[in-house]
Amino acid sequence: MFFLKELTHSINLHPQFFGPQIQACLIQRLHAEVEGTCSGRFGYIIAVVEVVEVGKGVLQSNTGFAEYKITYKAIVFKPFKNQVVDGIVTTVNKIGFWCEVGPLQVFVSQHLIPEYLKFDPNANPPAYVGHGQEFGDAGARVEKGETVRIRIVGTRVDATEIFTIGTLKEDFLGPSQIAI
């Protein structure tokens, strides 16, 4: 799920950057340091949308650096249990497959894949291939590069990373015909 959050970040700036362009330098450093990172509390920081306030710099007497506290608004992505997402398969093996949902990696175990999709070890690239006429998905394939719709069944949050497990064993989930 995507959210617009107001966050804060501290930047230590070297004295060589003090001058008339200090504001632009701070904003550039903010984008470089926070975009693409993961905060366990807020999720993945996708993009900085707006800089709300740049605090006054506080000089550090031991280093000469100035510390600036910046308040900004950012688009963040945080997955939740039972959320349905579309992802692109990156790795397939006999124990399941991994897919990417934006910056998030989701693992789908073989136990959470429907019975009609069987792992084909002889396929090149390795794939879960649809067998039988159940649900009309006899031609369905889950292989590297394919788009799948999954439901997140569990998440675990660390300080700098989010781990998720997904399932295909529900209605309207599985290999998708749409391109992401």
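Sequential numbering from 1 along the given sequence is applied to the chain's residues. Treat the numbers as computed from the prediction; the structure is a model and nothing was measured.
- For the pair P126/F119, a side-chain contact is recorded, criterion being any heavy-atom separation below 4.5 Å from C-beta on.
- Residues in residues 34-50 take part in these side-chain hydrogen bond (donor to acceptor under 3.5 Å, both in side chains) pairs, two or more places apart or across chains: H31-E35.
- A donor-acceptor distance shorter than 3.5 angstrom exists from the side chain of R29 to the backbone of N12, with no hydrogens or angles considered.
- Taking OG1 from T71 and NE2 from H9, the interatomic distance works out to 12.0 Å, rounded to the nearest 0.5 Å.
- Across A66 and F18, no two heavy atoms sit closer than the pair CB-CZ, 3.6 Å.
- Taken together through direct or relayed side-chain contacts under 4.5 Å among Ile, Leu, Val, Met, Phe, Trp and Tyr, F172 and L117 form parts of separate hydrophobic clusters.
- Side-chain contact between M1 and K78 is absent, with no heavy-atom pair separated by less than 4.5 Å.
- Criterion: ILVMFWY side-chain heavy atoms under 4.5 Å apart, direct or through other members. Under it, F3 and I162 are not part of a common hydrophobic cluster.
- D120 has no carboxylate O lying under 4.0 Å from a charged side-chain N of K118, or vice versa, which leaves the two without a salt bridge.
- Nearest approach of A127 to A123, heavy atoms of both residues: N-CB, 4.2 Å.
- Taken together through direct or relayed side-chain contacts under 4.5 Å among Ile, Leu, Val, Met, Phe, Trp and Tyr, L30 and I46 form parts of separate hydrophobic clusters.
- More than 12 heavy atoms of other residues, nucleotides or ligands sit less than 6.0 Å from atom CD of Q16.
- For the side-chain contact (heavy atoms from CB on, under 4.5 Å) criterion with I150, the lone passing option out of L168, T167, D86, T164 is L168.
- You'll find the side chain of V48 stays beyond 4.5 Å of the side chain of I75, heavy atoms only.
- In this structure the side chain of I152 never reaches within 4.5 angstrom of the side chain of N82, judged on heavy atoms.
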Quick one, Q83 with R151, criterion side chain to side chain contact (heavy atoms under 4.5 Å, CB included). Give me CA distance, side-chain angles, the key distance, then yes/no. CA-CA 6 Å; Q83 181 178 353; R151 177 180 305 275; over 6 Å; no

Between F163 and V157, does a side chain to side chain contact (heavy atoms under 4.5 Å, CB included) hold up when you go through it step by step? CA-CA 6 Å; F163 302 97; V157 179; over 6 Å; no

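- Contact annotation: the side chain of I11 never approaches that of E67 to less than 4.5 Å [non-hydrogen atoms, C-beta and beyond].
- The cluster map of Ile, Leu, Val, Met, Phe, Trp and Tyr, joined by side-chain heavy atoms under 4.5 Å apart, puts F17 and F65 in different clusters.
- Contact detail for T155 and P79: the closest heavy-atom pair is CG2-O, 4.2 Å.
- A pairwise comparison of heavy atoms in V148 and C99 identifies CG2-SG, 4.3 Å as the closest pair.
- Between I95 and F107, the shortest heavy-atom distance links the atoms O-CZ, 3.6 Å.
- Counting only heavy atoms from C-beta outward, the side chains of L13 and C25 approach each other to under 4.5 Å.
- Between P175 and V142 the shortest heavy-atom distance is CG-CG2, 3.7 Å.
- Put simply, CD on E161 and CG on L104 are 9.5 Å apart, with the number rounded to the nearest 0.5 Å.
- The number of heavy atoms from other shown groups lying within 6.0 Å of CD (Q28) does not exceed 12.
- Under a cut-off of 6.0 angstrom, the local environment of NZ in K144 is sparse, with at most 12 non-hydrogen atoms contributed by other residues, nucleotides or ligands.
- Put simply, the side chain of Y128 gets close to the backbone of G96: a donor and an acceptor are under 3.5 Å apart.
- Not a single side chain to side chain donor-acceptor pair (under 3.5 Å) links E6 to another residue, sequence neighbours left out.
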Begin with the C-alpha distance, continue with both residues' side-chain angles, and end with the deciding distance and a verdict on side chain to side chain contact (heavy atoms under 4.5 Å, CB included) for V89 and W98. CA-CA 6 Å; V89 177; W98 289 90; over 6 Å; no

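- Contact check for V106 versus F97: no side-chain heavy atoms found under the 4.5 Å cut-off.
- Taken together through direct or relayed side-chain contacts under 4.5 Å among Ile, Leu, Val, Met, Phe, Trp and Tyr, V49 and F2 form part of one hydrophobic cluster.
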Walk me through it: do K73 and K5 pass the test side chain to side chain contact (heavy atoms under 4.5 Å, CB included)? CA-CA 6 Å; K73 289 184 180 178; K5 297 287 289 182; over 6 Å; no

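- V51 is listed as a side-chain neighbour of I70, based on a closest heavy-atom distance under 4.5 Å.
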